[in-house]
Structure formats: structure tokens, C-alpha cells
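One structure is given here, and the rest of the page talks about it.
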Amino acid sequence: MTELLTRDACLARDADDPLRALRERFALPPGVVYLDGNSLGARPKASLARAQDVIAREWGNDLIKSWNTAGWFELPKRLGNRLAPLIGAHEGEVVVTDTTSLNLFKALAAALHLQANGPGAGRRTIVTERSNFPTDIYMAEGLAQWLDRGYRVRLVDSVEELPDAVDADCAVLMLTHVNYRTGYQHDMAALTGHAHAQGALALWDLAHSAGAVPVDLHAAQADFAVGCTYKYLNGGPGAPAFIWVPKRHQAAFAHPLTGWWSHAKPFAMAHGFAACEGIGRALCGTQPVLSLALVECGLEVFEETNMEAIRAKSLALTDLFIALVESRCAGHPLGLVTPREHARRGSQASFTHPHGYAVMAALIERGVIGDYREPEIMRFGFTPLYTSFADVWDAVEILKDILDRGAFDAALERGAVT
Ligand SMILES: *Cc1c(COP(=O)(O)O)cnc(C)c1O
């Protein structure tokens with residue numbers, strides 16, 4: 001490892017990097033080391049021309065014809081098919097639509113419905129982790145409360161307690177594959193297998209997995225999945241999310257958001273809802289076409305490589321970052337919260353510091369953009385499509401300088417968005 005710990009060695013790694021050309025596909029501002037692609041992915045250069053085309057030609061010139069001629073109506077399915085290989089899904093099983101929160105609601109409602117109409121009819125518990133991203137828990141609690149049939153959400157405090165929590169009352173095990181704060185990656189196949197053995201269904205949130213780590217939903221025999229496109233998939237701010245329903249569950253897939261886009265004949269304008277066949281059942285209403293169209297620019301870049309190459313570089317980047325922080329910033333009160341074990345690590349590295357918020361603010365001021373999550377966690381996301389080994393070196397040198405000189409304002413107030 002020591003031969004790696006110079007800037008020249010990092011530059012040499014960049015020269016050997018099979019993904020190095022893909023950085024040119026992104027518009028990154030000069031002088032910035034962007035380590036927040038886990039929160040908002042960088043902009044694919046192609047997105048500007050794509051937005052221009054959607055606005056000027058498809059909307060401006062072709063007007064309403066574009067629902068057909070520009071394929072707007074089919075866009076959620078077409079993008080879903082393009083995204084599918086990144087998560088081990090098949091054609092006709094994914095749509096890009098709505099938000100992660102909404103998709104989670106639909107998938108969870110469908111999973112409860114499936115159990116209620118099968119051998120799991122009496123089961124009333126949704127098991128998840130207290131450390132899950134809050135909206136996932138809020139949505140599950142909201143659904144449980146509004147169904148008013150005795151459903152409850154059980155929050156588990158550690159990975160070790162998860163297996164026992166999936167008991168004879170558990171209807172759904174609902175987990176986020178990679179934890180947003182710590183970067184801990186669950187063993188999807190093992191936990192899904194355990195859930196099935198106990199008679200529960202497994203619903204996975206891939207918000208920090210899609211485009212970040214290899215995912216094989218079919219190999220894991222997962223039941224449902226949702227995730228974001230604006231994080232590692234670089235779809236753009238607020239870009240629509242995705243939902244995966246495997247073919248084996250599609251015929252029984254039902255949820256309360258029965259909007260006209262999931263109707264068998266949406267333009268018949270008929271009285272009474274009749275669900276369409278297939279993955280269209282996961283749709284609800286009209287989508288933000290402009291945002292949706294830009295998701296494609298992010299997905300296109302992934303088609304020039306594969307998740308194995310991305311994973312290899314991701315682990316090399318996070319290994320290097322951890323090694324450099326621990327050697328260059330030794331003596332400062334930094335604590336690694338991300339697993340060292342590769343199999344358990346996502347594509348981020350998080351460190352605690354008693355003044356984490358202030359140190360992150362100082363880093364951002366110096367052009368190193370990560371983010372801060374309560375409590376005390378500085379989060380650094382690594383996106384192999386555009387993060388270089390020299391970026392890692394530069395980020396750690398600036399962190400070292402800030403810490404050595406105490407150049408942060410410990411009394412700093414928190415902003416609205418961190
Ligand atoms: C980012 C993220 C979300 C975001 O949900 P939105 O509905 O897009 O706001 C949800 N869940 C997890 C686990 C996330 O990481």
C-alpha cells in the first residue's frame with residue numbers, strides 16, 4: 001500500500017484506469033473534487049442537448065404529438081428496460097416513475113396485499129432497521145397506520161438482530177441494501193433467503209446501490225425493489241425513481257394508487273378501474289417528461305462499461321481514501337464507520353469527527369464536496385465514472401490541512417439542506 005501513498009502514484013493509477021475516458025462524459029466544474037454523487041450525481045454533458053431537444057423540438061415544435069412520436073408515453077418502460085441490467089432485472093420488469101418514497105409505498109402495499117391473500121394472511125409486521133433512510137420508515141408507518149388493520153413497523157437496531165426479528169408475524173422484510181449513512185451493504189441473497197424461509201417477502205431499496213455496486217435481484221430471488229436515479233445513476237435533480245416487480249409477482253401486483261397510467265385502456269376514459277397487465281401496473285399518472293428524458297443520458301454512460309469494472313474501481317477508490325485518511329490525518333479524532341470488509345461496503349466512506357459539520361463546511365469551501373449526516377458523520381461518495389485517484393489524494397490533503405490548522409468554525413450553524 002505504501003507505494004500508493006504519493007500523488008504521483010495516484011496519477012499513475014489514473015493513467016492505468018480503464019474507466020478514465022468516461023470522466024469526459026460529465027460536466028464537472030474546474031477546481032472541484034466532487035464526492036457527493038451518492039446524493040446528487042454529476043451532470044452528463046449530453047443532458048444539456050437532450051433538454052434542449054425535448055423543449056425546443058419535442059415540446060415546442062411537435063407539441064402534443066410527442067406523446068406518440070417522441071415516445072413520451074413509453075418512456076417509463078423504455079428507461080426501465082435500459083436500467084434493468086444494472087440491477088439484475090429482466091426486460092418488462094422495471095419502470096422509471098414517481099419518487100422512491102412513492103414507489104416504496106406501492107411496493108410495500110402490494111407486498112402486504114400479496115400476503116393478505118395468501119398463506120401469510122395473519123402476518124402484521126413490517127420489519128426494517130431504525131438506521132434506514134427516514135422516508136422509508138415514514139412511508140411504511142404511514143401505510144400501516146392508514147390501512148388500519150393492525151399492521152405495525154418493527155425497527156431493528158442491529159444487523160445481528162435482523163434474523164430473529166423476521167418471525168412468524170413478519171409479512172415483509174423491507175431493507176435498504178446499502179445504508180445511506182454508514183455505507184454498510186447487506187447480504188441481499190442471504191437475508192432474502194431467510195425471509196422466504198420464515199414465510200416473509202423481501203423488499204429492497206436500492207437508492208445507494210443502483211449504479212454503485214453490482215446487484216442481482218433475480219439471483220437473490222428478491223420480491224420487490226425500488227431506487228433512485230438522481231444519485232449514482234446521474235439522472236438529474238429530482239429525476240424520477242424506479243420500481244422493479246419480477247414477472248412472477250406481476251399478475252398479483254396491486255396497490256391503492258390506481259391512476260389512469262396503470263389502467264388497461266387509459267384512453268378509453270372508462271368508468272371503473274381495470275389494471276393493465278405487466279409492469280405498467282406500477283405506474284400511476286402523468287410523468288415529468290423533461291426530468292424523465294434526462295435519466296437516459298445517465299444510463300447511456302453505464303452502457304460503455306459494466307458493474308464489475310465499476311465495482312473494482314469503487315473499492316480501489318474507497319480503500320485508497322480510507323488508507324490515506326488514516327495515515328495522513330492520524331492523530332485527529334476521526335472514526336471510520338464504513339465497513340473495511342469489501343463485501344459489506346457500498347461506494348462511500350464515512351468518518352465521524354466531533355465537529356463533522358464544521359469540517360465538512362470547510363472542505364466544501366475549499367472545493368471538496370462531500371456532505372454531512374447526523375450524528376457527526378462526514379460522508380464521501382465515490383463514483384467511479386468520474387472520480388479519479390488524484391481526486392482522492394487532493395481531497396485528503398485538503399482535509400489534512402484543515403484539521404492540522406484547525407481551520408474550521410466549530411460554532412457553525414447548520415443550513416436547511418446538508
Ligand atoms: C435518497 C433516498 C430516498 C429518497 O427518496 P425520495 O422519495 O426520492 O425523496 C429514499 N430512500 C433511501 C434509502 C434513499 O437513500
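Numbering of ligands and ligand atoms starts at 1, following listing order. Residue numbers start at 1 and run along the sequence shown.
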Are the aromatic rings of [X] and [Y] close, with centres under 6.0 Å apart?
{"X": "His249", "Y": "Phe224", "result": "yes"}
{"X": "Trp261", "Y": "Phe73", "result": "yes"}
{"X": "Trp244", "Y": "His218", "result": "yes"}

Please report the interatomic distance CG(Asp394) to CZ(Arg366), rounded to the nearest 0.5 Å.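 That separation rounds to 11.0 Å.
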Which ligand 1 atoms are under 4.0 Å away from a heavy-atom of [X]?
{"X": "Thr99", "answer": "7 (O)"}
{"X": "His208", "answer": "15 (O)"}
{"X": "Asp205", "answer": "11 (N), 12 (C), 13 (C)"}
{"X": "Ala207", "answer": "2 (C), 12 (C), 13 (C), 14 (C), 15 (O)"}

Is it true that Ala241 lies under 4.0 Å from ligand 1, counting heavy atoms only?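 The answer is no, since Ala241 has no heavy atom less than 4.0 Å from ligand 1.
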Return the residue, atom name and 0.1 Å-rounded distance of the protein heavy atom closest to [atom].
{"atom": "atom 7 (O) of ligand 1", "value": "Ser101 OG, 2.6 Å"}
{"atom": "atom 1 (C) of ligand 1", "value": "Lys231 NZ, 1.4 Å"}
{"atom": "atom 5 (O) of ligand 1", "value": "Thr100 CB, 3.6 Å"}

Can Thr100 and Asn103 be counted as having a side-chain donor-acceptor contact under 3.5 angstrom?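 No pair is found: no donor N or O on one side chain lies under 3.5 Å from an acceptor on the other.
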What do we get for Thr135 next to ligand 1 when only non-hydrogen atoms under 4.0 Å count, side chain, backbone, both or neither?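 The side chain, only.
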Just let me know how Asp136 lines up against ligand 1, side chain, backbone, both or neither, with a heavy-atom cut-off below 4.0 Å.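 It is the side chain that touches ligand 1; the backbone stays farther off.
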Ring pair (Phe, Tyr, Trp, His ring centres under 6.0 Å) against Phe380, all qualifying residues, sequence neighbours excluded: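 Phe380: ring pair (Phe, Tyr, Trp, His ring centres under 6.0 Å) contacts with Phe321.
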Holding to ring pair (Phe, Tyr, Trp, His ring centres under 6.0 Å), I want the full list of residues that pass it with Tyr34, two or more places apart in sequence or in another chain.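 Partners of Tyr34 by the ring pair (Phe, Tyr, Trp, His ring centres under 6.0 Å) criterion come out as none, since no residue qualifies.
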Polar contact flag for Thr176 and ligand 1 (N/O pairs, less than 3.5 Å):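 No, since none of the N or O atoms of Thr176 sits under 3.5 Å from an N or O of ligand 1.
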With atom 9 (O) of ligand 1 as the reference point, say which of Tyr180, Tyr230, Phe105 has the nearest heavy atom.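 The nearest heavy atom belongs to Tyr230.
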Regarding Arg23 and the six-membered ring of Tyr386, is the cationic atom NZ or CZ under 6.0 Å from the ring centre and inside 45° of its axis?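 Here Arg23 fails the 6.0 Å and 45° test against Tyr386.
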